[in-house]
Amino acid sequence: PQYPTPNTQPPMLLSLPLLLAALLSPPPAGTARIQGKILHPAGKVVTVQLGRQKPVEAPVDAAGRFTLTVPVKEAGAATLETGDEYTPLWLAPGDDLTVSLDAEKFDETVKYTGIGARVNNYLAAEMLGSETLNARTEKAWDRAPAAFAAFADSVQAVQKQALNAALGTKPTPAETAFRTWKEREQAYELAARRLRYGTQHNVPATDAYYGFVSNPATPLDNPAALASEAYQGYVPAALAYYAQTAGAPPATSPLEMAVLRQAARRLSGPVREAVVPRLLQEGVMYAPLAIADSVQRYALSRLTLPVGLRKQVEESWAARQRTAPGLPAPDLHAVDTDGKAFEWASVRGKVVYLDFWASWCGPCIDQMPAAQKLHAALYDRAADVVFLNVSVDGNAANWRKAMTKHNVEGRNLHSAGDWESSALRAYGISSIPRYLIIGPDGRIVNGDAPRPSDGAEEAIRAALAAKK
């Protein structure tokens with residue numbers, strides 16, 4: 001290490017009065033300041049991201065304190081993240097927030113004081129209640145259409161009451177702007193919720209249920225709402241509704257293609273530019289292979305695509321074809337719990353149920369109980385089936401810990417790198433969990449196999465029957 005010479009000046013330290021003055025003075029014009037203290041901090045930094053701006057980071061000191069200043073040209077939605085947790089924010093120019101929280105009880109303890117506190121305490125409370133709302137929605141999903149519509153409307157009414165109570169009778173101009181934004185968000189959330197229910201339950205296309213689609217508060221082609229998460233969820237649901245009511249039977253025209261046609265017809269300008277690439281990516285990468293083929297053919301032959309998007313579609317389709325039925329399973333580039341490299345020859349002659357997962361992937365972990373039931377259901381064919389679980393965790397310790405915690409049965413492999421895992425790249429996989437069935441000859445039987453909770457046993461038994 002290099003030490004300062006005797007003539008080197010020590011770092012300048014603010015005196016206590018100057019430090020207090022800096023903290024008590026308002027934030028610079030066109031910014032918002034966020035400071036606070038975190039009990040039991042799980043991360044070394046706090047990150048705030050406003051819209052699509054570059055994230056702003058600040059270190060968390062030994063006492064859990066942090067301070068950061070965020071450029072805010074105009075009010076908008078943001079997030080505050082630390083460790084593996086996050087909470088939503090709304091920031092306006094001049095906001096001066098002090099936050100306190102306990103990282104071990106994150107959502108339950110987030111509390112704000114200062115300028116902008118009422119808005120952000122409302123958001124924190126809404127975040128805390130989101131799990132309860134999701135559970136209530138799931139229970140209401142089996143109700144009749146009129147009853148579900150009444151439930152959805154009642155949710156919006158309660159949300160409006162809570163918003164009014166949080167902001168009081170004399171909201172500031174910044175709070176009024178937040179109310180306008182939040183009411184739009186809630187309107188889009190309600191509409192998306194009702195649309196998803198209607199399309200999944202095949203509710204007849206009558207105004208009695210779908211009258212809300214023409215609500216001027218939730219226009220489909222709305223560039224001003226592009227940054228809204230609620231709007232981004234609403235647009236695909238609305239396009240699916242229009243596709244299904246257009247009378248194109250999925251048997252002759254896959255829904256994914258019908259949705260693309262509706263997007264080309266109903267969207268324009270920046271909304272179309274944002275939505276169409278997302279629909280193409282979902283159609284090419286995640287739809288069943290035959291439908292994905294139809295989507296990429298339609299997109300490349302019928303749509304006018306920018307050069308970059310055309311290249312992306314072509315590359316995505318090439319990646320999908322790596323797991324087409326009949327092709328040899330690509331090398332896995334993975335090691336077992338002893339550090340030994342995996343070779344397909346070690347499972348030749350058996351049907352393999354291949355699972356790509358990670359400890360940080362919630363949907364992956366959600367499938368673990370069903371995977372255990374699947375093992376039990378196929379106990380009679382244990383000699384003929386191999387359950388091959390490939391974790392892509394960047395940290396091997398996290399893989400081993402999750403493997404033990406969730407009792408991951410079968411042969412366990414590790415291909416480090418998270419999304420840059422060599423195994424994911426070899427298979428052209430961009431979302432997990434992902435399941436494949438490999439035949440006893442080492443060739444792919446199903447590149448998009450059912451999840452353990454949704455038909456995997458039948459698919460595996462069919463592959464076993466074909467083995468004979």
Side-chain angles (χ1 to χ4, degrees), residues 42-44 83-85 285-286 319-320 322-323 327-376 378 382-454 456 459-460 463:
K44 296 181 179 180
D84 295 328
E85 300 280 2
M285 291 303 297
Y286 310 131
R320 272 307 294 278
R322 294 176 203 165
T323 57
L327 292 179
D331 290 338
L332 271 174
H333 309 291
V335 298
D336 62 20
T337 53
D338 296 322
K340 183 180 178 181
F342 171 80
E343 295 182 0
W344 277 113
S346 66
V347 293
R348 192 60 55 87
K350 300 178 183 295
V351 170
V352 177
Y353 186 62
L354 179 57
D355 170 10
F356 290 94
W357 70 287
S359 65
W360 42 258
C361 168
C364 301
I365 302 303
D366 289 344
Q367 287 295 313
M368 295 305 179
Q372 293 170 13
K373 293 179 181 178
L374 179 62
H375 277 261
L378 288 164
D384 303 307
V385 179
V386 174
F387 291 89
L388 203 57
N389 311 299
V390 183
S391 164
V392 298
D393 275 283
N395 187 311
N398 291 343
W399 161 53
R400 292 178 182 276
K401 181 178 178 181
M403 190 170 56
T404 301
K405 178 180 179 180
H406 300 290
N407 192 25
V408 183
E409 300 181 54
R411 290 187 62 175
N412 288 291
L413 305 177
H414 185 222
S415 178
D418 296 315
W419 290 117
E420 298 303 316
S421 160
S422 57
L424 290 185
R425 292 201 304 270
Y427 281 71
I429 291 174
S430 58
S431 69
I432 55 175
R434 176 74 177 273
Y435 303 90
L436 295 87
I437 295 177
I438 311 300
D441 59 354
R443 295 182 177 273
I444 296 170
V445 174
N446 189 337
D448 291 291
R451 296 185 175 194
S453 63
D454 188 26
I460 294 171

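Excluded from the calculations below are hydrogen atoms, water molecules and symmetry mates; all remaining heavy atoms, backbone and side chain alike, are included. All of these numbers come straight from a predicted model, not from anything done at the bench. Numbers here are sequence positions counted from 1.
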Leu424 side chain reached by Phe356 side chain, heavy atoms, under 4.5 Å
yes

May I ask you to decide if Lys340's main-chain N or O and Asp338's side chain share a donor-acceptor pair within less than 3.5 Å?
no

Nearest non-hydrogen partners of Val408 and Ala402, listed with the distance:
CG2-O, 4.2 Å

Can you see which heavy atom on Arg443 is nearest to which on Pro328, and at what distance?
NH1-CD, 3.4 Å

Smallest heavy-atom separation, Val445 atom then Gly439 atom, equals CG2-N, 3.5 Å

Closer than 3.5 angstrom, by distance alone: can the side chain of Ser421 be matched with the main-chain N or O of Ser415 as a donor-acceptor pair?
yes

Here the gap from Thr323 atom OG1 to Ile429 atom CD1, rounded to the nearest 0.5 Å, amounts to 7.0 Å

Distance from Met403 atom CE to His414 atom NE2, nearest 0.5 Å?
10.0 Å

Is it true that a side-chain atom of Arg320 and a backbone atom of Gly428 form a donor plus acceptor pair closer than 3.5 Å?
no

Val386 and Lys350, any side-chain heavy atoms less than 4.5 Å apart:
yes

If only atom types and distance count, is the side chain of Asn395 paired as donor or acceptor with the main-chain N or O of Ala397 below 3.5 Å?
yes

Nearest 0.5 angstrom please: Asn389 CG to Asn412 CG, how far?
4.5 Å

What salt bridge (Lys or Arg N to Asp or Glu O under 4.0 Å) pairs are there with at least one residue in residues 400-415, not counting sequence neighbours?
none

To check you understand the geometry: which heavy-atom pair defines the closest contact between Gly410 and His375, and what is its length?
N-CE1, 3.8 Å

Are any side-chain N or O atoms of Ser391 and backbone N or O atoms of Trp399, one a donor and one an acceptor, separated by less than 3.5 Å?
no

Only pairs at least two apart or in different chains count here, so list each side-chain hydrogen bond (donor to acceptor under 3.5 Å, both in side chains) that has a residue in residues 355-373.
Ser359-Asp393, Trp360-Asp418, Gln367-Ser453

Could you please spell out the steps behind the side chain to side chain contact (heavy atoms under 4.5 Å, CB included) verdict for Ile365 and His406?
CA-CA 8 Å; Ile365 302 303; His406 300 290; 3.3 Å; yes

What are the two closest non-hydrogen atoms of Tyr353 and Ala449, and how far apart are they?
CE1-CB, 4.3 Å

Arg434 side-chain N/O to Gly447 backbone N/O, donor-acceptor pair under 3.5 Å
yes

Would you indicate whether the side-chain heavy atoms of Ile460 and Leu378 approach each other to under 4.5 Å?
yes

Nearest non-hydrogen partners of Asp331 and Ala426, listed with the distance
O-CB, 3.7 Å

For the backbone of Pro330 and the side chain of Tyr427, can you confirm whether one donor and one acceptor N or O come within less than 3.5 Å of each other?
yes

The test is side chain to side chain contact (heavy atoms under 4.5 Å, CB included); show your working for Val347 and Phe342 and say whether it passes.
CA-CA 10 Å; Val347 293; Phe342 171 80; 4.1 Å; yes

Apply side-chain hydrogen bond (donor to acceptor under 3.5 Å, both in side chains) to Thr337 and list each qualifying residue two or more places apart in sequence or on a separate chain.
none

Flag the pair Tyr435 / Asn446 as yes when at least one side-chain heavy-atom distance between them is below 4.5 Å, and no otherwise.
no

Nearest 0.5 angstrom please: Leu332 CG to Leu413 CG, how far?
6.5 Å

Please examine the side chains of Val352 and Phe387, heavy atoms only from C-beta on, and report whether any two atoms are closer than 4.5 Å.
no

Starting at CG of Leu436, measure out to CG of Asp448 and round the result to the nearest 0.5 Å.
7.0 Å

Measure from the side-chain N and O atoms of Asn398 to the backbone N and O of Gly394, and report whether any donor-acceptor pair falls under 3.5 Å.
no

